[in-house]
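Each remark here refers to the structure printed beneath this line.
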Amino acid sequence: MMDLLLIENAHLRMRVNPQGGGLQALFSLACGQPVLWEGGDSALFPMLPLANRVAGNRFRFKGRERVLPQSPVDERFFLHGDGWQSRWEVASLTGTECLLTLRRQHACGFDYRAELRYQLRENLLRAELTLTHLGQESMLYGLGFHPWFCFDAHSRLQFSASGYWPEGEHHLPLAWQGDIPPENDFSMPRHGGDRWLNVGYSGWHGVAMIERDVMNITIRAQTPWLMLFRMSGKSFLCLEPQSHPVNAHNMAGQPGLVALGPGESSHFAMEIAVESARRNC
């Protein structure tokens, strides 16, 4: 904990941990309350070189079966990749931003260098991830971010989507459905109940909003895929923008995944804006 990077401006304060490349905290100075939930190992972490889970922990690419690495935190899956389990190097640090770098290589074909930038712009956090493939043969990549937002009984969530994948065995998606049931529909602001929910949405418009007693939070990312995760009895809500749906590696056309050749790069960004609500802060 001694090497956390403390970065703040007049609106926000964040603590960045090079171990895992994530945020330990994002705090609203104006409201005097945390934006992100601090009850876990990380309040926000990057997902690379893939997001979430891949069925069987393997997929086919370029005529070959690719067996993914074992994860130190999940016995079945290379869960969320290895970026959040790795030690990042601090390339630069200023009063309002930091740049972290990571170099990783695996037998399945992942061979990459990643750059991760966290920047405070007034009341907004911008997180940017750039991955460059360094292998001699092309490989499939996916990116994303996994923030844990504070979310209590008085909070409400709103976003639009065109369909979703219900959760199946081992947290993998079932068949896509175009009709979102009312209990999983957040097109109008609502709490959604104190219950387990772990589903992926398609056709997301790239904007989601959380309304809390003292602050309104807006999440933006240029992707149609959004993962929602919550647990009964816990005061958090995860909204995870990602460049591809869960298990895209084994879907027809491998949607959202990017095949990178030597020296080619992929980029993904997310913004979290925090504004006061009802003049309470």
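Note that the structure is predicted; figures quoted are calculated from it, not measured. When a residue number appears, it is its place in the shown sequence, counting from 1.
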Examine the side chains of Trp84 and Ser42 and answer whether a donor and an acceptor come within less than 3.5 Å of each other. no
Just wondering, do Tyr201 and Phe186 contact through their side chains at under 4.5 Å, heavy atoms? yes
Should Leu120 and Leu116 be regarded as members of a common hydrophobic cluster, given that ILVMFWY residues are connected when their side-chain heavy atoms come within less than 4.5 Å of each other, either directly or indirectly? yes
Run the side chain to side chain donor-acceptor pair (under 3.5 Å) test on Glu167 and Trp196 for me, step by step, so that the C-alpha distance in whole Å, both residues' side-chain angles and the decisive distance to 0.1 Å come before the verdict. CA-CA 11 Å; Glu167 182 183 20; Trp196 174 278; 2.8 Å; yes
How far apart are the closest heavy atoms of Cys31 and Val214, and which atoms are they? SG-O, 3.4 Å
Apply ring pair (Phe, Tyr, Trp, His ring centres under 6.0 Å) to His133 and Tyr112, showing your working. CA-CA 4 Å; His133 180 59; Tyr112 69 87; 8.9 Å; no
Quick one, Asp3 with Arg87, criterion salt bridge (Lys or Arg N to Asp or Glu O under 4.0 Å). Give me CA distance, side-chain angles, the key distance, then yes/no. CA-CA 12 Å; Asp3 62 351; Arg87 179 78 184 186; 2.3 Å; yes
Would Trp225 and Val199 show up in the same hydrophobic cluster when neighbours are defined by side-chain heavy atoms closer than 4.5 Å? no
Met47 with Leu50, same ILVMFWY side-chain cluster at under 4.5 Å: no
Does the distance from a Lys or Arg side-chain N to an Asp or Glu carboxylate O, for Asp111 and Arg103, drop under 4.0 Å? yes
So for atom CG, which belongs to Asp74, do other residues, nucleotides or ligands contribute more than 12 heavy atoms lying within a distance under 6.0 Å? yes
For Ile219 and Pro241 the tightest heavy-atom approach is CG2-CG, 4.3 Å
Does the ring centre of Phe78 sit less than 6.0 Å away from the ring centre of His106? yes
Under 30°, 30 to 60°, or over 60°: which ring-plane class applies to Trp148 and Phe229, parallel, tilted or perpendicular? perpendicular
For the ring pair His249 and His244, is the centre-to-centre distance below 6.0 Å? yes
Taking NZ, NE, NH1 and NH2 as the nitrogens, is one of them in Glu137 or Lys62 under 4.0 Å from a carboxylate oxygen of the other? no
Of the non-hydrogen atoms in Gly83 and Leu102, which two are nearest, and what is the gap between them? CA-CD2, 4.0 Å
Is Arg58 paired with Glu65 through a side-chain N to carboxylate O contact shorter than 4.0 Å? yes
Where is the tightest heavy-atom contact between Ile210 and Leu237, given as atom of each residue plus distance? CD1-CD2, 4.2 Å
Which atoms form the tightest heavy-atom contact between His191 and Ser155, and what is the distance? CD2-O, 3.3 Å
Between Gln119 and Met14 the two heavy atoms that sit nearest each other are N-CE, 4.3 Å
Flag the pair Pro46 / Phe268 as yes when at least one side-chain heavy-atom distance between them is below 4.5 Å, and no otherwise. no
Please evaluate residues Phe45 and Phe145 with respect to the criterion ring pair (Phe, Tyr, Trp, His ring centres under 6.0 Å), reporting the C-alpha separation (whole Å), side-chain torsions for both, the decisive distance (0.1 Å), and the verdict. CA-CA 6 Å; Phe45 60 81; Phe145 286 102; 9.5 Å; no
Per the side chain to side chain contact (heavy atoms under 4.5 Å, CB included) rule, which among Met215, Gln33, Arg13 passes with Ser28? Met215
Salt bridge (Lys or Arg N to Asp or Glu O under 4.0 Å), that's the test. Do Glu115 and Arg117 meet it? Break it down for me. CA-CA 7 Å; Glu115 293 186 349; Arg117 185 183 304 275; 5.4 Å; no
